[in-house]
Number of protein chains: 2
Amino acid sequence: MSDTTPNGMTNWKDGLCPDHLRGNLYAGKCPSRTVLNHVSSRWGVLVLISLLDGTHRFSDLRRRIGGVSEKMLAQTLKWLEGDGFVERHAYPEVPPRVEYTLTPLGTEVAERVYALKDWIETNLYRIPSVNGENTPADNEADTSEV
Amino acid sequence: MSDTTPNGMTNWKDGLCPDHLRGNLYAGKCPSRTVLNHVSSRWGVLVLISLLDGTHRFSDLRRRIGGVSEKMLAQTLKWLEGDGFVERHAYPEVPPRVEYTLTPLGTEVAERVYALKDWIETNLYRIPSVNGENTPADNEADTSEV
DNA sequence: CAGGATCCTAAACGATACTG
DNA sequence: CAGTATCGTTTAGGATCCTG
């Protein structure tokens with residue numbers, strides 16, 4: 001509530017940012033937070049980079065992205081579609097076919113996301129926690145104490 | 001558990017990837033998933049880019065990042081520390097002072113994350129859903145039907 | 001001040017079943 | 001095939017209290 005971002009922020013009152021200006025991710029209530037959440041969501045990242053190499057069908061994506069459920073894939077695609085990153089094209093056939101493509105806008109974000117993905121995959125071996133350590137994301141209640 | 005990623009994965013048996021090779025984020029059980037989760041987590045993104053401009057104290061970060069709770073900030077910092085992205089330095093003083101800094105490794109990721117952050121903030125005005133639409137991340141149970 | 005411990009709510013997520 | 005609806009589980013996340 002009263003998190004009036006006391007850093008040298010100029011005219012962002014109460015963590016809210018004006019919509020016609022630049023977004024501010026530090027501001028708790030800036031809509032950019034929502035966009036970030038979609039893009040950086042567990043499946044959002046993978047959907048975006050999947051679509052970087054062209055159009056894909058629903059089950060295509062489902063197969064490619066290991067572990068994603070139908071529900072979350074549909075959900076994620078909707079978010080990204082709502083944000084204008086993904087375009088949905090349904091062919092009125094039977095059996096139905098639906099194809100998803102990145103918009104120009106979506107391609108721009110996806111490229112940034114891809115850079116992150118690529119770095120992680122490439123440098124994974126450098127990351128200590130990977131070499132047989134505990135994974136805090138899997139179990140929060142860590143009984144270990146540093 | 002038994003989500004044996006039924007896609008035609010080549011030599012990634014059971015969605016797992018060998019630790020000495022390149023990570024594969026498509027593989028459901030690759031440890032790179034955990035790293036991605038930390039980095040792209042709600043607060044992980046903001047912590048990383050916050051530390052890009054140098055060392056910061058705990059309450060520093062807490063103030064800067066709008067809406068983060070103590071618990072999640074501490075948790076996120078631990079994750080990032082465990083991944084070797086953040087270095088923690090506690091001064092044995094009273095009252096205690098703890099400073100967080102990016103490691104060289106962390107700086108590399110943070111730069112990628114920053115590129116994404118910057119794109120979102122800069123291009124926020126181009127994103128349709130921001131201009132007064134519903135925000136699916138805030139409420140999943142959307143009763144609207146397209 | 002930094003953060004651990006605890007408790008709790010809300011949201012994310014997954015599995016299954018069903019529909020156009 | 002491409003979803004939606006529903007349900008149940010798990011996790012993220014927040015509030016509060018407490019300690020070094």
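So you know, we letter chains A, B, ... as the sequences are listed, proteins then strands, and number each from 1.
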Residues touching DNA chain D, which here means a heavy atom under 4.0 Å, drawn from residues 45-61 of chain A: Arg57(A), Phe58(A), Ser59(A)
Just how far, in rounded Å, is [atom2] of [N] from [atom1] of [X]?
X: Glu99(B); N: dA2(C); atom1: CD; atom2: P; result: 9 Å
X: Leu77(A); N: dC1(D); atom1: CG; atom2: P; result: 17 Å
X: Leu73(A); N: dC13(C); atom1: CG; atom2: P; result: 12 Å
X: Arg33(A); N: dA12(D); atom1: CZ; atom2: C1'; result: 15 Å
X: His89(B); N: dC1(C); atom1: NE2; atom2: C1'; result: 17 Å
X: Arg62(B); N: dG4(C); atom1: CZ; atom2: P; result: 14 Å
X: Ile65(B); N: dG13(D); atom1: CD1; atom2: C1'; result: 15 Å
X: Gln75(A); N: dC13(C); atom1: CD; atom2: C1'; result: 10 Å

Using side-chain heavy atoms (C-beta onward) and a distance below 4.5 Å, is [X] in contact with [Y]?
X: Leu124(A); Y: Cys30(B); answer: yes
X: Leu48(A); Y: Tyr114(A); answer: no
X: His56(A); Y: Leu51(A); answer: yes
X: Glu121(A); Y: Asn24(B); answer: yes

Indicate whether the side chain of Tyr100(A) and that of Ser50(A) have a donor and an acceptor atom separated by less than 3.5 Å. no
Atom pairs under 3.5 Å: protein N/O with N/O of nucleotides 18-20 of chain D:
none

Please determine, for the side chain of [X], which listed nucleotide ([options]) has the closest atom?
X: Ala74(A); options: dT4(D), dG13(D), dA2(D); result: dT4(D)
X: Tyr100(A); options: dG14(D), dG3(D), dG14(C); result: dG3(D)
X: Glu70(A); options: dA12(D), dT6(C), dT4(D); result: dT4(D)

Does Glu87(A), at its CD atom, have more than 12 non-hydrogen atoms belonging to other residues, nucleotides or ligands within less than 6.0 Å? no
Going through the checks in order, is the salt bridge (charged side-chain N to carboxylate O under 4.0 Å, His left out) test met by Arg22(A) and Asp118(B)? CA-CA 10 Å; Arg22(A) 189 169 204 277; Asp118(B) 196 49; 2.5 Å; yes
Any Lys78(A) side-chain N or O less than 4.0 Å from OP1/OP2 of dT4(D): yes
Counting just side-chain N and O atoms, does Trp43(A) come under 4.0 Å of either OP1 or OP2 of dG14(C)? yes
Take Val68(A) and Val98(B), find for each the nucleotide of DNA chain C with the closest heavy atom, and name the residue whose nucleotide sits nearer the 5' end. Val98(B)
As a quick check of understanding, evaluate side-chain contact (heavy atoms from CB on, under 4.5 Å) for Leu102(A) and Val86(A), giving each step before the final call. CA-CA 5 Å; Leu102(A) 286 182; Val86(A) 166; 4.1 Å; yes
Of Leu77(B), Leu61(B), Ile65(B), Leu80(B), which meets side chain to side chain contact (heavy atoms under 4.5 Å, CB included) against Trp43(B)? Ile65(B)
